Amino acid sequence: MKLNKRIASGALALALVTPVVANAAEDTTYVTTTLPKAVTDKVVVDGKTYTKAQFQEALKQANKDYNEYLAAKAEADNLEESLKVAKDRYNKAYEAYKAEDLKTEDGKKVVKEKQTNFDIALENLNNKAKEELKKENFYYDGKSVSIVEDNTAKSEDLKEKEVNGKDGLATGEFDEAVDRAREAYKELKEAEKNADKPATDSEKYREYTAASYEKDRLQQQYDAAKAKADKAKKDSDTSFGALNAIAQAYNVIVEATNNGIAVVDKDQKPSDKEISAEQLAKLQKSIDKANETLKAVDLLKQFAPNTAKLNTAKLDALVAEQKATIAKAEAIIKGADKKVALISTAFAAEESKEDSKEEVTSEDVDALIKELDDNTDAINKEMENLDKQVKDEDEEKPADKDKDKKDEEKPADKEDKKDEDKKEDKKVEKTTVVEKSANKAAGSNAKTGIAGVAGVAGVLAAASVAYAASKKNN
C-alpha cells in the first residue's frame with residue numbers, strides 16, 4: 001500500500017497532456033490534436049519547405065472539414081433509416097390495398113382515386129427523370145404500359161420515348177420510379193374501363209396514399225442530405241490530403257478519429273511520465289471514496305459506543321495512513337489544475353531543491369489509486385470486524401437477560417436472603433447488558449449509522465450522504 005518512494009521523498013512535478021482516443025478499441029494509442037515536439041519551425045523535404053504555421057493551419061482546416069463531414073453523414077444516415085421505415089410502410093400498404101376487394105356503388109370514385117395515385121407516381125418519376133413526362137406519354141395496350149412520344153397517335157404511328165434518370169441516383173432508384181408510374185397508369189386505365197362497375201374504397205387505400213406521400217417526402221430529403229454528405233467528404237478528403245503531405249514531411253502521422261483529426265508522433269509512445277485526464281478522474285473518485293470511509297469511521301464511533309470502547313488501535317492506524325495518502329492525492333489533483341511543480345514539505349529540509357524535483361508519473365498515479373482503494377477496503381473490513389466483536393459478545397450472554405428477568409420476579413423475602421455482594425454483581429451485569437445493547441439500538445436508525453451485520457452498510461450509506469453534502473456546501 002506504499003506509493004512509489006519518489007513521491008514520499010521528493011518534490012513533485014506534473015507533466016500533463018490531453019490525449020484523444022483514436023479508436024474505442026485501441027484506447028492505448030497516444031494521440032493529441034496539438035503538434036508534437038518533432039514539428040519544428042520549418043523542414044525542407046525534396047527541395048520544398050514546410051513550416052509549423054502551415055501545419056497548424058492545415059490541421060485546423062482538416063478538423064473543420066472532417067467534423068462537417070461527420071455531421072452531414074450522421075444526418076444522411078438518420079434519414080436513410082427513416083426512409084427504410086417509410087418504404088416498408090408503403091410496400092405493406094400497397095399490398096394490402098391491392099388485395100382488397102371491397103365494393104361501393106360509385107365507380108367514378110375509383111377512377112378519381114386511381115388518377116390521384118398516378119399523379120403521385122408521375123410526380124415522383126419526374127423528380128428523378130432528366131426530362132418531364134406527362135400523362136400523354138403513357139400508353140396501355142390492355143396488357144402492358146409503354147412510354148411513348150404521344151399516346152393520342154394511332155397505334156401504328158406510336159413511337160417509344162427514351163427516358164433517362166438524373167445523375168447521382170442510387171442503383172435501381174429510377175427504374176423503380178418508372179415501374180411504379182407504369183403500374184399506376186395501368187390501374188387508372190383499368191378503372192376507367194370499369195367505371196360503371198362497383199368501385200373500391202377503404203381505409204387501406206387512404207393508408208397507401210399517405211404512405212406514398214411520406215416515402216416520397218423522405219426520399220427527397222435523403223437525396224439532398226446524401227448529396228451534402230458526399231460533398232463534405234470530398235472537401236474533407238482534400239484538406240486531409242494537404243495535411244497529410246505536411247505531416248509526412250515532419251515524419252508524423254495524422255488520422256481521423258471520432259473526435260476529429262489527430263496527430264500521432266511516430267516516435268512517441270505512451271510513457272509512465274504522461275498522466276491522462278482519465279487517470280486524474282479515477283484518482284478523484286478514489287479520494288472521494290476514501291473520505292466517505294473516514295466519515296463512516298467517525299459515525300461508527302459516535303453512534304456505536306461499545307464499538308468505540310474496543311481496541312481500535314489498528315483502525316486508528318489505518319485512518320492515519322489513509323489521511324496521509326489522501327493528502328498526496330489531493331496535491332496531485334491540485335497540481336494538475338495549476339500545472340505546477342509540487343514540493344514535498346516533509347523532505348524539503350533534507351534535500352536540495354535540485355535533487356528533490358521529480359515528476360509525478362502515470363505509474364505513480366496508478367500506485368496511489370491502488371493505495372487509496374486498498375486502505376479503504378482495509379478500513380471497511382476493520383470496522384466490520386469491530387462491529388462483529390460487539391455482536392458476538394451480545395450473543396454469548398443470552399442467559400444474562402433471563403437471569404435478570406427471573407431475579408426481578410423473585411419474592412422480596414428471597415431477595416433479602418442474598419448478600420450484598422451478589423446484589424452488586426447483579427447490578428453490574430444489568431448495566432453491562434444494557435450498555436452492550438447500545439449498538440443494536442443504534443441499528444434502528446439508518447440516518448445515524450448502524451452496528452452489526454447491517455451496521456457497516458448503514459454507516460457507509462450515511463457517510464456517503466454526509467460527505468456529498470459537505471462537498472456541495474464547499
Side-chain angles (χ1 to χ4, degrees), residues 1-5 7-8 279 281-333 346 364-398 400 431-471 474:
M1 285 192 254
K2 298 295 183 184
L3 181 60
N4 189 298
K5 189 176 179 181
I7 295 181
Q279 278 184 303
K282 288 182 179 178
L283 181 60
Q284 184 61 60
K285 184 176 180 180
S286 293
I287 292 172
D288 291 341
K289 194 66 179 176
N291 280 320
E292 287 180 13
T293 306
L294 295 185
K295 185 66 177 176
V297 173
D298 292 339
L299 291 176
L300 189 69
K301 289 183 176 182
Q302 181 180 358
F303 294 104
N306 283 332
T307 298
K309 289 184 178 181
L310 294 175
N311 184 6
T312 59
K314 182 178 179 180
L315 180 62
D316 293 339
L318 290 171
V319 167
E321 181 179 353
Q322 185 73 312
K323 287 181 178 179
T325 307
I326 291 172
K328 298 175 189 176
E330 289 178 339
I332 290 177
I333 295 293
D364 293 334
V365 173
D366 286 340
L368 190 55
I369 291 172
K370 184 178 186 303
E371 183 174 352
L372 285 167
D373 293 344
D374 288 348
N375 284 345
T376 295
D377 291 341
I379 291 172
N380 285 335
K381 288 180 180 178
E382 183 60 17
M383 283 195 294
E384 291 174 356
N385 180 53
L386 293 176
D387 255 2
K388 186 175 183 298
Q389 290 180 37
V390 173
K391 182 184 176 185
D392 290 344
E393 288 182 12
D394 283 347
E395 292 177 350
E396 285 173 1
K397 297 183 179 181
D400 289 345
T431 302
T432 302
V433 171
V434 173
E435 186 177 27
K436 289 184 178 179
S437 300
N439 278 11
K440 292 184 177 181
S444 64
N445 189 347
K447 293 182 180 180
T448 57
I450 313 173
V453 176
V456 173
V459 168
L460 288 174
S464 178
V465 174
Y467 178 66
S470 66
K471 285 190 67 177
N474 291 335

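We number each residue from 1, following the sequence as shown. These values consider heavy atoms only, across backbone and side chains, with no hydrogens, waters or symmetry-generated copies. Quantities reported herein were computed from a predicted structural model and do not represent experimental measurements.
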**OP:** Tell me, with the steps shown, if Val297 and Gln322 meet side chain to side chain contact (heavy atoms under 4.5 Å, CB included).
**Re:** CA-CA 12 Å; Val297 173; Gln322 185 73 312; over 6 Å; no
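- Contact detail for Ile326 and Ala290: the closest heavy-atom pair is CD1-CB, 3.7 Å.
- The CD atom of Glu371 sits 10.5 Å away from atom OG1 of Thr376, with the distance rounded to the nearest 0.5 Å.
- Scanning both residues, Glu330 and Asn291, for their nearest heavy atoms gives OE2-ND2, 4.0 Å.
- Note: Met383 CE to Asn380 CG = 4.5 Å, rounded to the nearest 0.5 Å.
- Of the listed residues (Asn375, Val319, Ile379), just one forms a side chain to side chain contact (heavy atoms under 4.5 Å, CB included) with Thr293, and that residue is Ile379.
- With rounding to the nearest 0.5 angstrom, the CG atom of Asp364 is 10.0 Å from the CD atom of Gln279.
- Closest approach of Ser286 and Ile369 over heavy atoms only: OG-CG2, 3.5 Å.
- For the atom pair Lys289 NZ and Asp377 CG, the distance stands at 9.5 Å (nearest 0.5 Å).
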**OP:** Give the intermediate values and the outcome of side chain to side chain contact (heavy atoms under 4.5 Å, CB included) for residues Leu372 and Leu283.
**Re:** CA-CA 9 Å; Leu372 285 167; Leu283 181 60; 3.8 Å; yes
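- Within the 4.5 Å cutoff, no side-chain heavy atoms of Lys370 are placed close to those of Asp373.
- For the 3.5 Å distance criterion, the side chains of Gln284 and Asp288 qualify, holding a donor opposite an acceptor.
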